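The structure's right below; bear with me while I get my questions together.
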Number of protein chains: 2
Amino acid sequence: MAKPSKENTPITEHLAYLLAQANREINRQLELRLSKEGVPVEQWRILKVLSDGNGHSMGELADAVLLNHPTLTKMIDRMVSDTLVYRVQDPNDRRKVLMFISDRGKVLCKRLNSLAVDQEEHILESYGDKSTSELKRLLESLIDSSN
Amino acid sequence: MAKPSKENTPITEHLAYLLAQANREINRQLELRLSKEGVPVEQWRILKVLSDGNGHSMGELADAVLLNHPTLTKMIDRMVSDTLVYRVQDPNDRRKVLMFISDRGKVLCKRLNSLAVDQEEHILESYGDKSTSELKRLLESLIDSSN
DNA sequence: CTTCAATTCTTGAATATTCAATATTTTCAA
DNA sequence: TTGAAAATATTGAATATTCAAGAATTGAAG
């Protein structure tokens with residue numbers, strides 16, 4: 001009796017691959033919608049996180065929007081040029097920079113949110129309410145268990 | 001009674017975000033393991049797809065390993081330099097190039113497979129058998145429903 | 001207090017990715 | 001058969017990302 005070796009399982013059965021594939025596809029769709037406003041997905045994430053009106057440090061932001069520090073710095077540079085966000089030195093810890101969303105940023109963020117909601121609804125339609133919420137639940141728990 | 005507007009839901013509840021986050025985390029873990037052999041995740045995918053011994057065209061490969069054509073071309077260039085794979089012009093359609101895995105590639109691929117299996121098993125332990133297979137099922141069906 | 005390690009963010013150089021254009025071959029309609 | 005359109009892969013320039021190093025500030029131990 002041969003030892004059941006997992007080493008020949010096709011790549012399409014690896015969780016890592018399925019996640020990458022699903023992410024690529026869903027991200028591509030979202031990208032397409034947001035391109036109506038000429039904004040990359042990461043900028044939408046940044047605006048969305050900042051739209052609570054509070055100041056967020058770069059480190060905090062980088063975690064929240066899934067970007068490395070240097071990448072975030074450079075993206076924020078562009079967004080500052082576009083006056084979507086602005087920097088304020090943290091008075092309590094001057095190593096830190098607090099990011100804030102501007103009024104222009106808020107207006108744009110609203111339009112982006114509605115494009116993103118369109119997509120979520122499109123997914124709900126084709127994929128189903130039940131599957132969607134179950135998938136979300138499982139993803140959250142996977143993320144939890146990975147820390 | 002206010003219309004229940006989805007537009008203010010935090011980003012952490014969007015499917016697109018959860019997928020990106022889970023993918024980033026799992027991919028980071030896999031990357032870490034494969035770095036023992038100095039190989040990026042994408043090269044493992046390429047080797048794995050080619051390890052059926054058949055020739056695969058660049059277009060086919062690009063789809064399978066989730067890379068754009070030009071990115072794949074350049075990655076293959078590197079792998080050809082490392083003699084992990086080689087190109088053969090498709091005799092039936094000379095626009096196409098067929099990629100094959102070399103013997104060296106096969107040997108490396110085996111070592112990589114075992115690193116990848118380690119990870120899958122680590123996930124199974126911390127996340128659970130049931131959740132894992134259920135998540136895979138849901139991801140497959142999401143991908144299906146997106147075509 | 002002083003100094004040294006840790007934290008936070010940015011910068012510049014090295015790499016990698018992407019977009020648009022090109023070259024080649026095939027397909028197919030006239 | 002010919003010529004135009006489609007398919008396939010690559011290239012080069014423009015962009016973007018990453019890695020390693022640096023600058024500024026804080027924390028904390030002696």
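Just so we're clear, the structure is a prediction, and the values are computed from it rather than from any experiment. In what follows, chains carry the letters A, B, and so on, assigned in the order in which the sequence lines appear, proteins first and then strands, with residues in each chain numbered from 1.
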N or O in side chain of B/S57 less than 4.0 angstrom from D/dT8 OP1/OP2: no

B/R95 side chain near C/dT26 phosphate (N/O to OP1/OP2, under 4.0 Å):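 Checking B/R95 against C/dT26: no side-chain N or O falls below 4.0 Å of OP1 or OP2.
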
B/E25 side chain to B/Q29 side chain, donor-acceptor N/O pair below 3.5 angstrom: yes

Reference residue B/M99; test side-chain contact (heavy atoms from CB on, under 4.5 Å); the match among B/V49, B/I76, B/L72: B/I76

For atom NZ of A/K96 and atom P of C/dT10, their distance in whole Å: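 Interatomic distance, NZ of A/K96 to P of C/dT10: 13 Å.
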
Atom-pair distance (CD1 on A/I76; C1' on C/dT10), nearest Å: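 Taking atom C1' of C/dT10 as the reference, CD1 of A/I76 is at 13 Å.
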
B/M75 side chain, from C-beta outward: closest of D/dT26, C/dC9, C/dT17: C/dT17

Nearest-angstrom distance from the residue atom CG of B/L72 to P of D/dT10: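 It works out to 8 Å between those atoms.
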
Between D/dA7 (P) and B/D90 (CG): distance, integer Å: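 The distance from CG of B/D90 to P of D/dA7 comes to 17 Å, rounded to the nearest Å.
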
Separation of atom CG in B/D77 from atom P in D/dA9, rounded to whole Å: 14 Å

Phosphate-side-chain proximity, B/T71 and C/dT18, N/O vs OP1/OP2 below 4.0 Å: yes

Separation of atom CD in B/E42 from atom P in C/dT18, rounded to whole Å: 10 Å

Candidate nucleotides D/dT26, C/dT10, D/dT10, ranked by approach to the side chain of B/H69 - the nearest: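 Looking only at heavy atoms from C-beta outward on B/H69, the closest nucleotide is D/dT10.
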
Sub-4.5 Å side-chain heavy-atom contact between B/V97 and B/Q89: no

Distance below 4.0 Å between A/R78 side-chain N/O and D/dT17 OP1 or OP2: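 Answer yes for this pair, as a side-chain N or O of A/R78 is under 4.0 Å from OP1 or OP2.
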
Whole-Å distance separating the CD atom of A/Q89 from the P atom of D/dT25: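 Going from A/Q89 (CD) to D/dT25 (P), I get 7 Å.
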
Under-4.0 Å side-chain N/O to phosphate OP1/OP2 contact, A/N68 with D/dT17: no

Heavy-atom check, side chain of A/Y17 versus side chain of B/L139, under 4.5 Å: no

Distance in angstrom units between B/L67 CG and C/dT17 P, rounded: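 The distance from CG of B/L67 to P of C/dT17 comes to 7 Å, rounded to the nearest Å.
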
Given D/dA9, D/dT26, D/dT17, the nucleotide with the shortest approach to the side chain of A/D93: D/dT26

Residue A/R87, side-chain heavy atoms: nucleotide from D/dA9, D/dT26, C/dT10 that is nearest: C/dT10

Polar pair under 3.5 Å, donor/acceptor by atom type, side chain A/K74, base D/dT15: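 No pair found.
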
Check: A/L135 and B/L18 side chains under 4.5 Å, non-hydrogen atoms: no

